[in-house]
Amino acid sequence: MNFTTMKQHSVEKIGGTSMTDYSAVRDNIIFKPSNSKTLYQRIFVVSAYGGVTNDILEHKKSGRPGIYGLFAGGENNDESWLDAMQLLKEKLHAINEKLFIDSEELESANNFIDERLNAAQTCLTDLQRLCQHGHFSLAKHLDSVREMLASIGEVHSAWGTAALLKRDGINACFVDLSGWKENSGLSLDERIVQAFKSVDLSTQLPIVTGYVHTESGLMASFNRGYSEMTFSRIAVLTQAAEAIIHKEFHLSSADPRLVGEHNAIPIGRTNYDVADQLASLGMEAIHPKAAKGLRQNSIPLRIKNTFEPDHEGTIITQDYISDSPCVEIIAGSKGIYVLELFDQDMVGQIDLYEQQILTMLRRFKVKIITKDINANTIAHYLSANLKTMKRLCKELESIYPDAEINQRKSAIVSAIGSDMQVPGILAKAVTALSEQGINVQAMHQSMRQVDMQFIVHERDYELAVQSLHHCLVEVHDHGRTICAA
């Protein structure tokens, strides 16, 4: 591939739920290119089929351990991960059986993934046996184990999709970035450049694994956001004209399940600031670190609904500002924890307290959504589980024995827009919540005027979303699309 040829192709990522419906991927994405008259001049980065990565690593929402979690948390003679490995093999075979009608094609698909699964199982068995000896620590190898297992899902879906497209008349090629049986240590960028040297985008349709094996470890930096980082770096390195993410829903003014499908309005245009606010709430349009590369290289990002291919989707750019100030999205998160530390001695020493707390949160790998500070109190709003919160409180009590430390569950609801400089908008929002009997525990409005955040009781979350959406979005006649392109 000639990297000096600029701005002629798109790089597109297909999400796991969309991947599960091959017919929709083929008919709504492959055969309906967004901005091209040809089926080619596109690169596709694919996620694992829906639910597979949860089975391999751990469930993204509940935390239920998958193969990795069972292997990492088990004792030396614990073989529960082997049972999970067998269940995964059966699941991947069942997926293949639905996709490949021809017996020879099915056998080929099963043989391909079995080779990866059997090799991974042998590796883990040998490692478990080795670490039964006192000179070897399993903990030192767990990052490599996680990397190896993570690759299985994307390798399975990419190989299968490429094979199916070939069957259906497309000159697709499987691009394996997983580093299978390769000893050379390459960076993320080096592996991508090497893989695309022999690809001709004018005549080939690359189907690329979302996982990339790198010398430093992709998951160590991006965890479950690794496939979006792969997607972003490919777009940057190949100088794409546009990056596209295909999901099973529109980027809309609110969750249709909460405000009703007739009230939720697709967003036509927005900017990367808005995308970052959504990511902070755990509702990623794209991983913030993946968005950074696109943003810095002025590559527009389009979010499309796989199941509504004729809709233009949402275009996200660096410099977009809505023509008139408005709220574009109401979003939020339930089940967050508030960690509040009050200490009379904090006055004049907030920075020292903050540094200590942040160090501890980083050590426990807790995600901070937002925070507030006054003269003697620091409150962090965190995405964490109860077990971690109890450990945090216990350690803070040992460091600050005279402080009052409280933790409680809450919810956060945010109004977000590319330009929300509307006089009185905060008062309007608080009034709307008050009229529904919702007590606002805390609130924030940033100087950038791109979001307002309200902390409410968890039981009031759905009503708060509905109330803010009604008073800030539904009252305006946006038509079919907010901020249409």
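Quick caveat, the model's predicted, so the values are computed rather than measured.
- Contact annotation: the side chain of Ser322 approaches that of Tyr320 to within less than 4.5 Å [non-hydrogen atoms, C-beta and beyond].
- Taking all atoms of both residues into account, the shortest heavy-atom contact from Leu294 to Val236 is N-CG2, 4.3 Å.
- Considering only heavy atoms from C-beta on, Lys428 comes within 4.5 Å of Val475 through its side chain.
- Nearest heavy atoms, Val413 versus Ala464: CG2-CB, 3.8 Å.
- Taken to the nearest 0.5 Å, the CD1 atom of Ile192 stands 8.5 Å off from the OG atom of Ser187.
- Evaluated for a side chain to side chain donor-acceptor pair (under 3.5 Å) with His246, the options Lys13, Glu12, Lys304 yield exactly one hit, Glu12.
- Taking SG from Cys393 and CD from Glu340, the interatomic distance works out to 11.0 Å, rounded to the nearest 0.5 Å.
- Within a 6.0 Å sphere centred on CE of Met443, other residues, nucleotides and ligands contribute 12 heavy atoms or fewer.
- A 6.0 Å sphere centred on CG of Asp351 holds more than 12 heavy atoms belonging to other residues, nucleotides or ligands.
- With no hydrogens or angles considered, a side-chain donor-acceptor pair links Gln86 and Glu90 at under 3.5 Å.
- Ion pairing between Arg269 and Glu312 fails under the 4.0 Å rule for side-chain N and carboxylate O.
- In the model, His9 has a side-chain atom that pairs as donor or acceptor with a side-chain atom of Thr238 under 3.5 Å.
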Output side-chain donor-acceptor pairs under 3.5 Å for residues 370-381, partner residues at least two apart or in another chain, one line each.
from   : atom 1 : to     : atom 2 : distance (Å)
Thr370 : OG1    : Gln453 : OE1    : 3.2
Lys371 : NZ     : Glu354 : OE2    : 2.3
Asp372 : OD2    : Tyr381 : OH     : 2.6
Asn374 : OD1    : Asn376 : N      : 3.1
Asn374 : OD1    : Thr377 : N      : 2.9
Asn374 : OD1    : Thr377 : OG1    : 3.4
His380 : NE2    : Glu354 : OE1    : 3.4

ask   = Please walk me through it: do Lys32 and Asp27 pass salt bridge (charged side-chain N to carboxylate O under 4.0 Å, His left out)?
value = CA-CA 7 Å; Lys32 285 194 175 182; Asp27 298 339; over 6 Å; no
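- The stretch residues 395-437 participates, sequence neighbours left out, in these ring pair (Phe, Tyr, Trp, His ring centres under 6.0 Å) pairs: Tyr353-Tyr400.
- Geometrically, Arg295 does not engage Tyr272 in a cation-pi contact, judged by NZ or CZ lying under 6.0 Å from the ring centre and within 45° of the ring axis.
- Residue Leu237 holds its CG atom at 9.0 Å from CG of Asn297, rounded to the nearest 0.5 Å.
- Taking 4.5 Å as the limit, every side-chain heavy atom of Leu165 sits out of range of all side-chain heavy atoms of Phe44.
- A salt bridge links Arg302 with Glu242: the closest approach of a Lys/Arg side-chain nitrogen to an acidic carboxylate oxygen falls below 4.0 angstrom.
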task = List the steps and the verdict of side-chain contact (heavy atoms from CB on, under 4.5 Å) for Leu177 and His213.
result = CA-CA 6 Å; Leu177 300 179; His213 177 61; over 6 Å; no
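- Test Asn271, Thr314, Thr270 against Glu328 for side chain to side chain donor-acceptor pair (under 3.5 Å) and you get one pass: Thr270.
- With salt bridges taken as basic N to acidic carboxylate O contacts below 4.0 Å, none links Asp21 and Arg26.
- Separation of atoms CD1 (Ile330) and CG (Leu472) is listed at 5.0 Å; rounding is to 0.5 Å.
- For the side chain to side chain contact (heavy atoms under 4.5 Å, CB included) test with Ile416, the passing option among Val450, Leu278, Val327, Asp276 is Leu278; the others fail.
- Annotation: Lys292, atom NZ; neighbour count of heavy atoms from other residues, nucleotides and ligands within 6.0 Å does not exceed 12.
- For the residue pair Ser178 / Ser151, no side-chain donor-acceptor distance below 3.5 Å is found, with atom types taken as modelled.
- In the displayed structure, Arg363 atom CZ is contacted under 6.0 Å by more than 12 heavy atoms of other residues, nucleotides or ligands.
- Side-chain atoms of His469 and Ser253, non-hydrogen and from C-beta on, do get closer than 4.5 Å to each other.
- Taking each heavy atom of Ser467 and Leu433 in turn, the nearest pair found is OG-N, 3.9 Å.
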message = salt bridge (charged side-chain N to carboxylate O under 4.0 Å, His left out), that's the test. Do Asp419 and Arg448 meet it? Break it down for me.
response = CA-CA 8 Å; Asp419 179 7; Arg448 287 179 67 84; over 6 Å; no
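- Counted within 6.0 Å of NZ on Lys390, heavy atoms from surrounding residues, nucleotides or ligands total 12 or fewer; the atom is thus considered open.
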